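Everything on this sheet refers to the single structure shown next.
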Amino acid sequence: MLSIGELSRRTGVKVPTIRYYEQVGLLKKPERTEGKQRRYGSEALERLTFVRHARDLGFSLEAIRDLLLLSGHPERPCADVDRMAAIQLAAVQDKIDRLKRLETELARIATCCKGETVGECYVLRSLADHAFCSGAH
């Protein structure tokens, strides 16, 4: 049995986040000692590791809840899981595209500034007036 601190160290999930995951039902309420300290077993460790990895991949808590429910039925086809992964992949690709546009625009405005003073600064003018931007970002 693990304390909440040990569970946190093993998974890299902060103690307040573990408590939050308990509150929202992603983790089962743990057993408690006579002194009211939480004690977690290997199932909680595995589940929290799953949640942490899914969060690292950008899945929402709602999606993680659905994935956990699906993982409890190993006999079912994995089409729903595959669909959820495809949706998350598309969301990540959209974010990457947006970040690339932001990178291009930031690089452009950072190198366009020829002003000697803040009053002549192209970066500040671009931030104040979207018309200075080369396109949508």
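Every heavy atom of this structure was used, including side-chain atoms; hydrogens, water molecules and symmetry mates were not. None of these values were measured; they are calculated from a predicted model.
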For Lys28, all residues meeting side-chain hydrogen bond (donor to acceptor under 3.5 Å, both in side chains), sequence neighbours excluded
Glu43
Any chain of hydrophobic side-chain contacts (each under 4.5 Å) joining Leu99 to Leu57?
no
Table please: side-chain donor-acceptor pairs of residues 109-120 below 3.5 Å, with sequence neighbours left out.
{"from": "Thr111", "atom 1": "OG1", "to": "Ala107", "atom 2": "O", "distance (Å)": "2.9"}
{"from": "Thr111", "atom 1": "OG1", "to": "Arg108", "atom 2": "O", "distance (Å)": "3.1"}
{"from": "Lys114", "atom 1": "NZ", "to": "Thr111", "atom 2": "O", "distance (Å)": "3.0"}
{"from": "Thr117", "atom 1": "OG1", "to": "Glu120", "atom 2": "N", "distance (Å)": "3.4"}
{"from": "Glu120", "atom 1": "OE1", "to": "Glu116", "atom 2": "N", "distance (Å)": "3.0"}

Minimal heavy-atom distance between Cys133 and Ser126, with the atoms involved, is SG-O, 4.5 Å
State the CG-CG distance between Asp94 and Leu89, to the nearest 0.5 angstrom.
9.5 Å
Is Tyr20 reachable from Tyr40 through a run of I, L, V, M, F, W or Y residues, each pair having side-chain heavy atoms under 4.5 Å apart?
yes
For the atom pair CG (Leu27) and CZ (Arg38), what is the distance rounded to the nearest 0.5 Å?
10.5 Å
Under the salt bridge (charged side-chain N to carboxylate O under 4.0 Å, His left out) test, residues paired with Asp56 that sit two or more places apart
Arg52
N/O donor to acceptor pairs below 3.5 angstrom from side-chain atoms of residues 64-80, sequence neighbours left out:
{"from": "Arg65", "atom 1": "NH1", "to": "Glu62", "atom 2": "OE1", "distance (Å)": "3.3"}
{"from": "Arg65", "atom 1": "NH2", "to": "Val24", "atom 2": "O", "distance (Å)": "2.4"}
{"from": "Ser71", "atom 1": "OG", "to": "Leu68", "atom 2": "O", "distance (Å)": "2.8"}

CD (Glu31) and NZ (Lys29) are apart, to the nearest 0.5 Å, by 14.5 Å
So does Pro30 get a backbone contact from the side chain of Glu22, meaning a donor-acceptor N/O pair under 3.5 Å?
no
Common cluster, Phe59/Val92, ILVMFWY with side-chain heavy-atom separation under 4.5 Å:
no
Could you check whether atom CZ of Arg19 has more than 12 heavy atoms from other residues, nucleotides or ligands sitting under 6.0 Å from it?
yes
Co-membership, hydrophobic cluster, residues Ile87 and Met84, 4.5 Å side-chain:
no
Rounded to the nearest 0.5 Å, what separation is found between the CG atom of Leu45 and the CZ atom of Arg47?
13.0 Å
Just verifying a value: how many Å separate Gln23 CD and Thr17 OG1, rounded to the nearest 0.5 Å?
11.0 Å
Transitively linked via ILVMFWY side-chain contacts under 4.5 Å: Leu102 with Leu127?
no
Any residue meeting ring-ring contact (aromatic ring centres under 6.0 Å, His included) with Tyr122, in chain and number order, not counting sequence neighbours:
Phe132
As an exercise, state the distance from CG of Leu2 to OG of Ser8, rounded to the nearest 0.5 Å.
11.0 Å
Give every donor-acceptor pair under 3.5 Å between a side-chain atom in residues 9-16 and any protein atom, sequence neighbours left out.
{"from": "Arg9", "atom 1": "NE", "to": "Glu6", "atom 2": "OE1", "distance (Å)": "3.3"}
{"from": "Arg9", "atom 1": "NH1", "to": "Gly5", "atom 2": "O", "distance (Å)": "3.4"}
{"from": "Arg9", "atom 1": "NH2", "to": "Glu6", "atom 2": "OE1", "distance (Å)": "3.3"}
{"from": "Arg10", "atom 1": "NE", "to": "Glu6", "atom 2": "OE2", "distance (Å)": "3.0"}
{"from": "Thr11", "atom 1": "OG1", "to": "Leu7", "atom 2": "O", "distance (Å)": "2.8"}
{"from": "Thr11", "atom 1": "OG1", "to": "Val13", "atom 2": "N", "distance (Å)": "3.3"}

